[in-house]
Amino acid sequence: MPPPHDAKSWQKLWVWLGEDARSVAEAAAVQVRTPEGPVVAHCGDWIVLSHSGAFHVAHAVRACDA
């Protein structure tokens, strides 16, 4: 996930995710449709497209997770 101020990367992300994502009220967060259900990805998280065509979210460790 790009930082909030990187408009060009956000535009590319929305195109890549297509109908499998929607914005959420949180700044710099995206709700992604995964096989396990909707998952919210934040800045620093990785959104991965598997060989099956499904998205998965790998969460980055954030200071507030400690």
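- In this structure, the side chains of P2 and C43 stay at 4.5 Å or more apart for every pair of heavy atoms.
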Handout entry: Verdict with supporting geometry, R22 and V32, side-chain contact (heavy atoms from CB on, under 4.5 Å)
Key = CA-CA 7 Å; R22 64 177 57 162; V32 181; over 6 Å; no
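- Side-chain atoms of T34 never come within 3.5 Å of backbone atoms of P38 as a donor-acceptor pair (strictly under, hydrogens ignored).
- A heavy-atom distance below 4.5 Å is found between the side chains of P35 and H56.
- V24 and V57 fall into different hydrophobic clusters, defined by Ile, Leu, Val, Met, Phe, Trp and Tyr side-chain heavy atoms under 4.5 Å apart, directly or through other members.
- Put simply, the side chain of M1 reaches to within 4.5 Å of the side chain of I47, judged on heavy atoms.
- Checked against side-chain contact (heavy atoms from CB on, under 4.5 Å), V48 has the following partners two or more places apart in sequence or in another chain: W46.
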Under 3.5 Å, side-chain donor or acceptor atoms of residues 9-21 against the rest of the protein: list the pairs with distances, not counting sequence neighbours.
residue, atom, partner, partner atom, Å
S9, OG, D6, OD1, 3.2
S9, OG, D6, OD2, 2.8
W10, NE1, P3, O, 2.8
D20, OD1, R33, NH1, 3.2

